[in-house]
Amino acid sequence: MLDFMLTPEQLKLRDEVRAFVKSVPRQLILDMDAERVQFPRQFLEEAGARNLLGLRFSKEYGGRGLKWSDEIIALEEVGVLSMSLSCLYSMPSIVGEAIDKFGTPAQKEKFLKPTLAGKMASAEGLTEPRGGSDFFGATTVARKEGDYYVLKGQKRFIVGAEGADYFLIYARTDPNAPSHKSLSAFLVERGPGVKVEYVYGLMGTRGGGTGRLVLDNCRVPAENLLGQENEASKIFYQMMIPERMTSAAGSLGMARAALEVAARYSTRRKAFGQTINKFQAVSFKIADSITMLDAARGLVYAAARAVDAGADPARCRRMVSEAKKFATETAWAVINNAMQVMGGIGYTRVYPIERLLRDARLAIIWTGTSEIMNLIIQHEYYRELIGSPAGHRDVEQDAHDAERLEEKVYE
């Protein structure tokens, strides 16, 4: 966000995160993209050592007691590194949200505190092989046996499958109940019955150990049940805030990085006797990109403010969905513009644009596709439009023949 919109404390936080981002070895980014590194635990350890993980959570458990309006500042800065590192940085905030809001004091002490310290790595198991957006169609099951739950099923596309110490897993605990009332959430520690059977080769967002997790009669202590049995839908809906806010804010960083590289290039590269930024075909792409990026950033910050203010949950759902959709699609458009400005050299590995483009494509898919975001946005808008009494002027009456009711035929 523009400096004048940030408080002195937020500016200090931004500079602190920038210092951390500058300290990340270039070779780590290259090795992750080349898949020589599958899970950069040292990155999380360093972020934890600097007290930069899970900024929103209580100081009691290692956070800073900040707000979303603060955390998205950090997320944007980390986003310039890569989508993989941005995602891994976000994971303590995402999984931490579930533990913070629904966990017991013992669970917070065992899982949240070391996660925020960078001493434990977390991951989340949402997607199953049979479905992506159909979350409540999950077929992973958990049956109670004494002081344990026995889990059986598979989860895939799990960032951190290859390196996380524990997983937030949703499983069906009541096969006879409606789907929204049959799921429970568990904190599943890596161990017997938890196997990584496939690590995906990805187009981008590499090096995060994304894989398929098989739960083969995995025994989970009953005290690792998160929240109440059969009420994981409450956790899932709460989790959509950090899932989507982190994707949105991280995408801003990627787009900003690509735009800066391309704009700087345009002031150096010459054609027809002058630098190419003098041509409208180039400079207007930069102008469009700046405008889209500023608009996306404004929407992300507005959504953060809505959540911080405890706005109506329906309004928050709509704004968070808008932020996720618009910011991720903007990142894709801005990075494409950057490649177009740079021409052929942008398509090579001489510049990071091609990697950023590969990374950005996933953001439009994960944590809810743009189509799912549209579904939520229109649903909440129509419900607000029809369900709330209008407190503003009825513009429909401002027509010359507004009183001709016989012409207003609806069926």
Side-chain angles (χ1 to χ4, degrees), residues 24 26-40 43 78-91 94 123-133 154-164 196-213 243-244 246-259 261-262 324-373:
V24 174
R26 165 181 177 266
Q27 195 60 46
L28 175 63
I29 296 171
L30 302 182
D31 285 347
M32 289 176 69
D33 191 50
E35 298 182 309
R36 290 188 290 268
V37 170
Q38 281 295 350
F39 192 81
F43 170 80
V78 175
V80 308
L81 292 169
S82 72
M83 180 68 84
S84 284
L85 289 175
S86 176
C87 179
L88 291 171
Y89 177 79
S90 301
M91 201 56 64
I94 294 171
E124 183 184 30
L126 290 176
T127 304
E128 296 193 356
R130 63 158 300 280
S133 298
Q154 297 187 30
K155 303 288 181 177
R156 70 172 175 177
F157 304 150
I158 300 179
V159 178
E162 187 68 358
V196 179
E197 291 212 342
Y198 183 66
V199 175
Y200 293 96
L202 303 176
M203 170 180 155
T205 315
R206 299 169 178 168
T210 302
R212 176 163 56 87
L213 201 68
E243 287 268 5
R244 290 160 183 171
T246 54
S247 292
S251 294
L252 296 177
M254 282 199 302
R256 189 186 83 198
L259 176 60
V261 170
K324 194 274 178 182
K325 169 187 162 62
F326 191 64
T328 56
E329 291 185 353
T330 291
W332 175 247
V334 168
I335 298 169
N336 267 288
N337 279 349
M339 183 171 285
Q340 197 69 19
V341 164
M342 298 184 71
I345 197 66
Y347 195 68
T348 72
R349 296 198 297 176
V350 173
Y351 289 91
I353 303 301
E354 61 86 27
R355 174 178 57 78
L356 291 168
L357 189 69
R358 288 186 283 109
D359 279 5
R361 188 61 186 88
L362 179 58
I364 306 171
I365 299 172
W366 72 1
T367 69
T369 64
S370 288
E371 290 75 20
I372 293 294
M373 297 304 97

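Taking each heavy atom of A161 and G211 in turn, the nearest pair found is CB-N, 3.6 Å. Annotation for I158 and A123: closest pair CG2-CB, 3.9 Å, computed over non-hydrogen atoms. The two atoms that bring A255 and V334 nearest to each other are O-CG1, 3.6 Å, heavy atoms only. When every heavy atom of K325 is checked against every heavy atom of S370, the shortest pair comes out as CG-OG, 4.2 Å. Summarising the geometry of V78 relative to S86, their closest heavy-atom pair is CG1-CA, 3.9 Å, with the distance given to 0.1 Å. Across every non-hydrogen atom of C87 and V159, the tightest pair is SG-CG1, 3.7 Å.
With rounding to the nearest 0.5 angstrom, the CG atom of L213 is 13.5 Å from the CZ atom of F157. Distance CE/M32 to CG/L30: 11.0 Å, rounded to 0.5 Å. Between the CD1 atom of I29 and the CD atom of Q27 there is a distance of 10.0 Å, given to the nearest 0.5 Å. A distance of 5.0 Å separates CZ of R156 from OH of Y200, quoted to the nearest 0.5 Å. Remark: L356 CG to N336 CG distance equals 11.5 Å, nearest 0.5 Å. Taking CD1 from I335 and CD1 from I353, the interatomic distance works out to 7.5 Å, rounded to the nearest 0.5 Å.
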Do any side-chain atoms of residues 337-348 form donor-acceptor pairs under 3.5 angstrom with protein atoms, and if so which ones, sequence neighbours left out?
unit_1, atom_1, unit_2, atom_2, d
N337, ND2, S289, OG, 3.0
T348, OG1, I345, O, 2.7
T348, OG1, V350, N, 3.2

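With sequence neighbours left out, E124 forms a salt bridge (charged side-chain N to carboxylate O under 4.0 Å, His left out) with no residue at all. For Q154, the side chain to side chain donor-acceptor pair (under 3.5 Å) partners are R212, not counting sequence neighbours. Under the side chain to side chain donor-acceptor pair (under 3.5 Å) criterion, R361 pairs with no residue, sequence neighbours left out. Annotation: side chain to side chain donor-acceptor pair (under 3.5 Å) contacts of S82 (sequence neighbours excluded): none. Considering only residues two or more places apart in sequence or on other chains, E243 meets the salt bridge (charged side-chain N to carboxylate O under 4.0 Å, His left out) condition with none of them. For R206, the salt bridge (charged side-chain N to carboxylate O under 4.0 Å, His left out) partners at least two apart in sequence or on another chain are D33. For F43, the ring pair (Phe, Tyr, Trp, His ring centres under 6.0 Å) partners at least two apart in sequence or on another chain are F20. Every residue meeting the side chain to side chain donor-acceptor pair (under 3.5 Å) condition with T367, not counting sequence neighbours, appears here in chain and number order: S247. Applying the side chain to side chain contact (heavy atoms under 4.5 Å, CB included) rule to V199 yields the partners Q38, E162, V196; only residues at least two apart in sequence or on another chain are considered. For F326, there are no ring pair (Phe, Tyr, Trp, His ring centres under 6.0 Å) partners, not counting sequence neighbours.
Within the 4.5 Å cutoff, no side-chain heavy atoms of T330 are placed close to those of S251. For the pair W366/T127, no side-chain contact is recorded, criterion being any heavy-atom separation below 4.5 Å from C-beta on. Side-chain atoms of T205 and T210, non-hydrogen and from C-beta on, never get closer than 4.5 Å to each other.
Not one N or O on the side chain of K324 forms a donor-acceptor pair closer than 3.5 Å with the backbone of M373.
For residues 247-256, every residue pair satisfying the salt bridge (charged side-chain N to carboxylate O under 4.0 Å, His left out) rule, not counting sequence neighbours, is listed here: E76-R256, E77-R256, R256-E260.
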